[in-house]
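Data block below; observations after.
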Amino acid sequence: MSVETLVHQEVLVVRLHGDLDHHSVESIRSEVEKALTLGGYRALVMSFASIDFMDSSGIGLILGRYKKLKEMRGAMALCEINPSLEKILKMSGVYRVLPVFPSEREALAHVKGVL
Amino acid sequence: MSSRVSPSVAVENYIRLQFPSKSENESFARVAVASFVAQLDPTLEELTEIKTAVSEAVTNAIIHGYENSFGEVRIECSILDHTVKITIEDDGAGIEDISVARQPLYTSRPDLERSGMGMTIMETFMDLMELESSPGCGTRVTLVKTVGDDPSQQPS
């Protein structure tokens, strides 16, 4: 599991790769947190394009970041959700609190519009 | 908590795995079970559902059962016709109140950013999820799912 972070006009984009489970989530969380804090960003896009597997640990990661950005009055969006991920995200109510887009470009446009 | 497939029980094939409660083994456990179940020719969706349910059960054993201390997790996976039965057991802390633990979004560890969705995911992705637990002794989760073509659903 690895995580790729890039910045697009004050928006932190996190591209997740590989398996997202309890084992891998801890290092991903600290990397995302570090990037958010260091840059002072209030907007986050998480891309799941390269995720092969995700369990409820991923839900914890998403909702944890959502809570944090909400406290900061920031914006967050998810993108590139494959059908097996979609099922877990819907079950957990993630779609009720966070906007989800087919592409990173659309997710970026959305969070920039909210800020 | 010990359960063994006795030779008198009709199963066509089975595997047993035992490993220490290290989070590195979560991925090994779900991949091993999925590889074994592959002989039933499940759809990719069914295989993903089984992998996810196993991952939830093993994670629970490691973080709730053993609370990240050392212990052993045991998995038994057996198949009969098109049905797979998986038991995941630990000798850890056990669950005080199973009905509370099974509630969606309930977590005993919000500090670890756990979502409380593990049991709901197991219930939704499998045909059956049974939970047996005795506080101080351990927990056993039984997961059952029929995959691919179920012969009992076919006209004879």
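Hydrogens, waters and symmetry mates play no part in the numbers below; they use all other heavy atoms, side chains included. Each chain gets a letter, A, B and so on, in the order the sequences are listed, and its residues count up from 1.
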Residue selection (most heavy-atom pairs with chain B, distance under 4.5 Å) from R29(A), E26(A), K67(A):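 Ranked by heavy-atom pairs under 4.5 Å with chain B, first place is R29(A).
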
So what's closer than 4.5 Å to chain A heavy atoms on [X]: side chain, backbone, both or neither?
{"X": "K22(B)", "value": "neither"}
{"X": "T52(B)", "value": "both"}
{"X": "E45(B)", "value": "side chain"}
{"X": "I63(B)", "value": "side chain"}

Distance, nearest 0.5 Å, that separates CZ of F36(B) from CG of L17(B):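 Answer rounded to 0.5 Å: 9.5 Å.
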
Are V100(A) and L89(A) grouped together when hydrophobic residues (ILVMFWY) are joined by side-chain heavy atoms under 4.5 angstrom apart?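 Result: yes, single cluster for both.
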
Under the side chain to side chain contact (heavy atoms under 4.5 Å, CB included) test against T107(B), which residue among E113(B), R114(B), M119(B), M117(B) passes?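 Going through E113(B), R114(B), M119(B), M117(B) one by one, the side chain to side chain contact (heavy atoms under 4.5 Å, CB included) with T107(B) is satisfied by R114(B) alone.
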
With a 4.0 Å cut-off, would you call E80(A) and R15(A) a salt bridge?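 No, no charged N to carboxylate O under 4.0 Å.
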
In terms of ring plane angle, is the pair F28(B) and F19(B) parallel, tilted or perpendicular, where the classes change at 30° and 60°?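 Perpendicular.
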
